[in-house]
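So the structure is just underneath, and the comments pick up after that.
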Amino acid sequence: MKTDFDAIVVGAGPAGSSAAILLAQAGWSVALIEKQAFPRRKVCGECVAASNLPLLHALGIGPEFIARAGPELRQTAVMRGARTILADLPLAPDSRYAWGRALGREVLDTMLLERAHAVGAEVFQPWAVQKIDDASGLHRCTARKSGSNERVILEAPVVILAHGSWEPLPADREEQRLARSDSDLLAFKANFSGASLTPGLLPVLLFHGGYGGMVLAGDGLTTLACCVRADRLDALRRSAPGKPAGEVIEAMLKRECRGVEDALLGAMRQGTWMASGPLAPGIRLKSEETVFRIGNAAGEAHPIIGEGMSMALQSAWLLCEKLMQAGQTNAASVSTTWQRAVCNDYAAQWRKKFVPRMRLASTFAYVAMRPATSAALLIPLTRWPSLITLGAIWAGKVNCPASIASTDDRFHGAIDADTCDPGPAVRTLKADDDSAGHA
Ligand SMILES: Cc1cc2nc3c(=O)[nH]c(=O)nc-3n(C[C@H](O)[C@H](O)[C@H](O)COP(=O)(O)OP(=O)(O)OC[C@H]3O[C@@H](n4cnc5c(N)ncnc54)[C@H](O)[C@@H]3O)c2cc1C
């Protein structure tokens, strides 16, 4: 078994698999480690904003994604109680990728992982990374095969953490364990067949103690996902003793949101309600690190704006671009200094691109969960529904970070290198590796 790589990626969600694809396409040797067997369902609203479609295309899964996903998302709505305020979703500037779409995570994540494997990433699945040791520029990852005691130690100068937010590495768990609090946000998701939600409509649901969303995803299934405060959930469960949490949530959503009741009339739930959390929105990215963080492992926005996968895909792109640039400059050998320099550069860009939408999401979530503020919000939105469209633009729904468009050709250049030339970034990395005596 090969154990030394240019890069090790921990976690094969949208962030990890896309980083693995980008680096492998550019000729890097990549290990992608995923602890769960795929396909697996995941708590998520499953909407992919239009801003990501050029990226999915560049990753090589664009046509397959379009073929499997639900209808183009052209309209949004704010639903609260008996009220529904409709608004247009903004049109993305590139007419080829004008609208977002939704697709089940069991399909999307599998597509990305298979693509990573197809372009040469070595996939370890189901294997879980247990710990990472750092020795002057070279990282040693200890991974364990799920359900067995088999262990392996992999080495690479570049380690990318893409393990999501609720699943910190075992070594970090003690420090991340939070005391249970009333304000904890717990997340839920279920899929329904036969729902009558208007195709292409993406409603946001506001209710006491939480928020949610609905959408028609691939295979005719409607996804209903929401976040609920722990104290609200406790109160709901006390009033329906013995009922599973998901069913209590479903009953509450139908009771408190006319749009959900109407959409689910005659619908059949497929599979169980899934739950996860508590969510921990916030920034986990640190400067001066020698490992790199992408996706939720770097930072998490309140899912009320449905931008987590955008941040996952786009942060992977941003980081890979930085790694390639750093390699191309040939300014440093692969050392702790090199890693910290790339990390600082990446962290600065990450904050610039994602902090504004995280702030917007926090404000919207705060307003949405409180009855008085969410009722007040409906007044201007009823009068000027275009404010909802504007909010979607601010949330990042249509604008692809400029660097994606501008570097598209460079990554494609790397893909086109079927001539087997791994590209200057990798040549530099390997040369530095050798000189540092790591490889
Ligand atoms: C209720 C809700 C609704 C949402 N709706 C939307 C939406 O509509 N649109 C949107 O864009 N985003 C949405 N999100 C956010 C989105 O789901 C996340 O932001 C996204 O999944 C983050 O991707 P990721 O790749 O960073 O992490 P993940 O998707 O969490 O993937 C991490 C992977 O790492 C693996 N892993 C973890 N630990 C290890 C380990 N030690 N070793 C190996 N592998 C490991 C896990 O098994 C997992 O497969 C929603 C979230 C919630 C809670």
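Numbering of ligands and ligand atoms starts at 1, following listing order. Here the structure is a predicted model, which is why all the values come from computation and not from measurement.
Comparing Leu202, Leu313, Asn296 against atom 22 (C) of ligand 1, the shortest heavy-atom distance belongs to Asn296. Of all the listed residues (His163, Arg40, Arg144), His163 holds the heavy atom that lies closest to atom 37 (C) of ligand 1.
Heavy-atom proximity to Ala312, at under 4.0 Å, picks out these atoms of ligand 1: 23 (O). Atoms of ligand 1 lying under 4.0 Å from any heavy atom of Gly295, numbered from 1 in the order shown and given with element: 26 (O). Close contacts of ligand 1 with Gly308, meaning ligand atoms under 4.0 Å from a residue heavy atom, involve 10 (C), 11 (O), 12 (N), 15 (C), 19 (O). The distance from ligand 1 to the heavy atoms of Trp127 drops below 4.0 Å at these ligand atoms: 43 (C). Every atom of ligand 1 is numbered from 1 in the order shown, and the set under 4.0 Å from a heavy atom of Glu46 is 7 (C), 8 (O). The distance from ligand 1 to the heavy atoms of Ala162 drops below 4.0 Å at these ligand atoms: 32 (C), 33 (C), 34 (O).
Side-chain atoms of Asp219 never come within 3.5 Å of backbone atoms of Leu221 as a donor-acceptor pair (strictly under, hydrogens ignored). Remark: side-chain polar atoms of Arg340 are not paired, donor with acceptor, to backbone N or O of Val342 under 3.5 angstrom. Using modelled atom types, one side-chain atom of Ser29 and one backbone atom of Asp6 make a donor-acceptor pair closer than 3.5 Å. A donor-acceptor contact shorter than 3.5 Å is absent between the side chain of Lys352 and the backbone of Phe354. Judged by distance alone, the side chain of Arg359 and the main-chain N or O of Thr363 form no donor-acceptor pair under 3.5 Å. Between the side chain of Asp109 and the backbone N or O of Gly13 there is no donor-acceptor pair closer than 3.5 Å. No side-chain donor-acceptor contact under 3.5 Å links Arg41 to the backbone of Met274.
Distances from ligand 1 to the non-hydrogen atoms of Arg105 include at least one value under 4.0 Å. At a 4.0 Å cut-off, not a single heavy atom of Lys189 sits close enough to ligand 1 to count as contact. Between Gln130 and ligand 1 there is no heavy-atom distance shorter than 4.0 Å.
Between Pro14 and ligand 1, at least one pair of N/O atoms sits closer than 3.5 Å. For a threshold of 3.5 Å applied to N or O pairs, the pair formed by Gly45 and ligand 1 contains at least one separation below that value. In terms of polar-atom proximity, defined here as any N/O pair under 3.5 Å, Met309 does make such a contact with ligand 1. For Cys44, no nitrogen or oxygen atom sits less than 3.5 Å from a nitrogen or oxygen atom of ligand 1, counting backbone and side chain alike. Any N or O atom pair closer than 3.5 Å counts here, and Ser165 shares no such pair with ligand 1. Remark: ligand 1 and Pro303 share no N or O pair separated by less than 3.5 Å (distance only, no angle test). When only interatomic distances are considered, the shortest N/O to N/O separation between Ala128 and ligand 1 does not fall below 3.5 Å.
Contact of the Lys322 side chain with the Gln349 side chain is registered, since non-hydrogen atoms from C-beta on lie closer than 4.5 Å. Under the 4.5 Å side-chain criterion, counting only non-hydrogen atoms from C-beta, Glu155 is not in contact with Thr3. Residues Val291 and His139 are in side-chain contact: their nearest non-hydrogen atoms beyond the backbone lie under 4.5 Å apart.
If you look at Val10 next to ligand 1, the close heavy atoms, those under 4.0 Å, all belong to the side chain. Counting heavy atoms under 4.0 Å from ligand 1, residue Ser276 does not touch it at all. Contact annotation: for Met311 versus ligand 1, there are no heavy atoms closer than 4.0 Å. With a 4.0 Å cut-off on non-hydrogen atoms, Ala15 touches ligand 1 through its backbone as well as its side chain. If you look at Cys47 next to ligand 1, the close heavy atoms, those under 4.0 Å, come from the backbone and the side chain alike.
Ring planes of His57 and Tyr97: tilted class, angle from 30 to 60°.
Remark: Ile8 CD1 to Leu32 CG distance equals 11.0 Å, nearest 0.5 Å.
Residues passing the ring pair (Phe, Tyr, Trp, His ring centres under 6.0 Å) test with Phe38: none are found, sequence neighbours excluded.
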Would you mind writing out the side-chain donor-acceptor pairs for residues 385-398 within the sub-3.5 Å range, not counting sequence neighbours?
{"from": "Thr389", "atom 1": "OG1", "to": "Asp88", "atom 2": "O", "distance (Å)": "2.8"}
{"from": "Lys397", "atom 1": "NZ", "to": "Ile305", "atom 2": "O", "distance (Å)": "2.6"}
{"from": "Lys397", "atom 1": "NZ", "to": "Gly306", "atom 2": "O", "distance (Å)": "3.1"}
{"from": "Lys397", "atom 1": "NZ", "to": "Glu307", "atom 2": "OE2", "distance (Å)": "3.0"}

